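Note that the structure is predicted; figures quoted are calculated from it, not measured.
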Amino acid sequence: MKGETAPKVSSNKIDRVKLKKEVSLINAITLIVGAVIGSGIFVSPTGILEKSGSVGSSLLVWLGCGAIALLGCLCYAELGTCVEKSGAEYAYIWEGFGPIPAFLFSWTSILIIRPSAGAIIAMIFAEYVSKPFFPDCEAPVVLIKILATCCLGKIR
């Protein structure tokens, strides 16, 4: 096109366009909170309220769990600032424990952890989508599985 120039060639090197290594505070917070807390926060309130027996004690449980999640987020942020390699957990495990545990983690993550997390999130989504249509009873399991499958098919 008019006005564009080719990359400058200087002594066998080509200047390339690079992405800035920059994450804003808001982006970092949302990434960490999403990774640490996840979608379980939408399912667990009912169980906590049932097991604790009162609203006050369930709020104390939530406060304690929130403090633990905050500590996890801060640890994750600290790792992100100390290990300046891309790859998140893989890079952290590589730096801390070496290449074999990092390799095993990456394969476990690809084959088991990520697909399981996706399936759980899809099932939670399907439960919440079907709940308004069955206000007095549980939604049929088949319907929830079909909705979850459609959700996975749409996002994958």
Side-chain angles (χ1 to χ4, degrees), residues 17-156:
V17 176
K18 295 181 181 178
L19 294 174
K20 290 181 181 179
K21 293 181 181 179
E22 196 175 283
V23 177
S24 70
L25 178 63
I26 298 297
N27 289 345
I29 290 170
T30 57
L31 285 170
I32 292 169
V33 169
V36 174
I37 296 174
S39 64
I41 195 168
F42 299 112
V43 173
S44 55
T46 307
I48 290 173
L49 192 56
E50 286 175 356
K51 301 290 184 199
S52 66
S54 72
V55 174
S57 60
S58 68
L59 289 175
L60 286 175
V61 169
W62 272 97
L63 184 65
C65 292
I68 292 170
L70 176 64
L71 292 174
C73 291
L74 292 172
C75 290
Y76 210 82
E78 179 75 17
L79 280 171
T81 58
C82 292
V83 179
E84 295 182 355
K85 294 180 180 177
S86 62
E89 294 97 345
Y90 176 79
Y92 307 153
I93 293 171
W94 180 289
E95 286 290 318
F97 303 107
I100 293 174
F103 173 80
L104 293 174
F105 168 78
S106 64
W107 274 100
T108 304
S109 179
I110 290 169
L111 295 176
I112 298 169
I113 297 170
R114 306 277 175 173
S116 300
I120 291 167
I121 291 168
M123 291 291 284
I124 293 168
F125 166 79
E127 277 188 45
Y128 279 111
V129 165
S130 62
K131 196 145 197 102
F133 298 104
F134 298 92
D136 298 330
C137 61
E138 294 289 322
V141 176
V142 175
L143 176 66
I144 292 174
K145 288 181 180 181
I146 290 171
L147 286 172
T149 304
C150 293
C151 174
L152 286 174
K154 185 71 175 166
I155 62 173
R156 301 283 175 192

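You'll find the side chain of Leu70 reaches within 4.5 Å of the side chain of Leu74, heavy atoms only. Considering only heavy atoms from C-beta on, Phe134 comes within 4.5 Å of Leu143 through its side chain.
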May I have the list of side-chain donor-acceptor pairs in residues 77-87 shorter than 3.5 Å, sequence neighbours left out?
from: Thr81; atom 1: OG1; to: Ala77; atom 2: O; distance (Å): 3.4
from: Thr81; atom 1: OG1; to: Glu78; atom 2: O; distance (Å): 2.9
from: Lys85; atom 1: NZ; to: Glu95; atom 2: OE2; distance (Å): 2.6

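In this structure, the side chain of Ser130 engages the main chain of Ala126 through a donor-acceptor pair within 3.5 Å. At distances below 3.5 Å, at least one donor-acceptor pair connects side-chain atoms of Ser58 with backbone N or O atoms of Val55.
Minimum heavy-atom separation, Ala122 to Leu152: CB-CG, 3.8 Å. Across every non-hydrogen atom of Tyr90 and Phe105, the tightest pair is N-CE2, 4.2 Å.
Applying the 6.0 Å contact sphere to CD1 of Ile100 captures no more than 12 heavy atoms from other residues, nucleotides or ligands.
Considering CD1 of Ile144 and CZ of Phe125, their distance stands at 12.0 Å, rounded to 0.5 Å. For the atom pair CD1 of Ile124 and CD of Glu127, the computed distance is 7.5 Å after rounding to the nearest 0.5 Å. In this structure, the separation between NZ on Lys145 and SG on Cys150 is 14.5 Å, given to the nearest 0.5 Å.
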side-chain contact (heavy atoms from CB on, under 4.5 Å) evaluation trace for Leu59 with Leu63: CA-CA 6 Å; Leu59 289 175; Leu63 184 65; over 6 Å; no

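Take Ser57 and apply the side-chain contact (heavy atoms from CB on, under 4.5 Å) test, not counting sequence neighbours, and it matches Ser52, Ser54.
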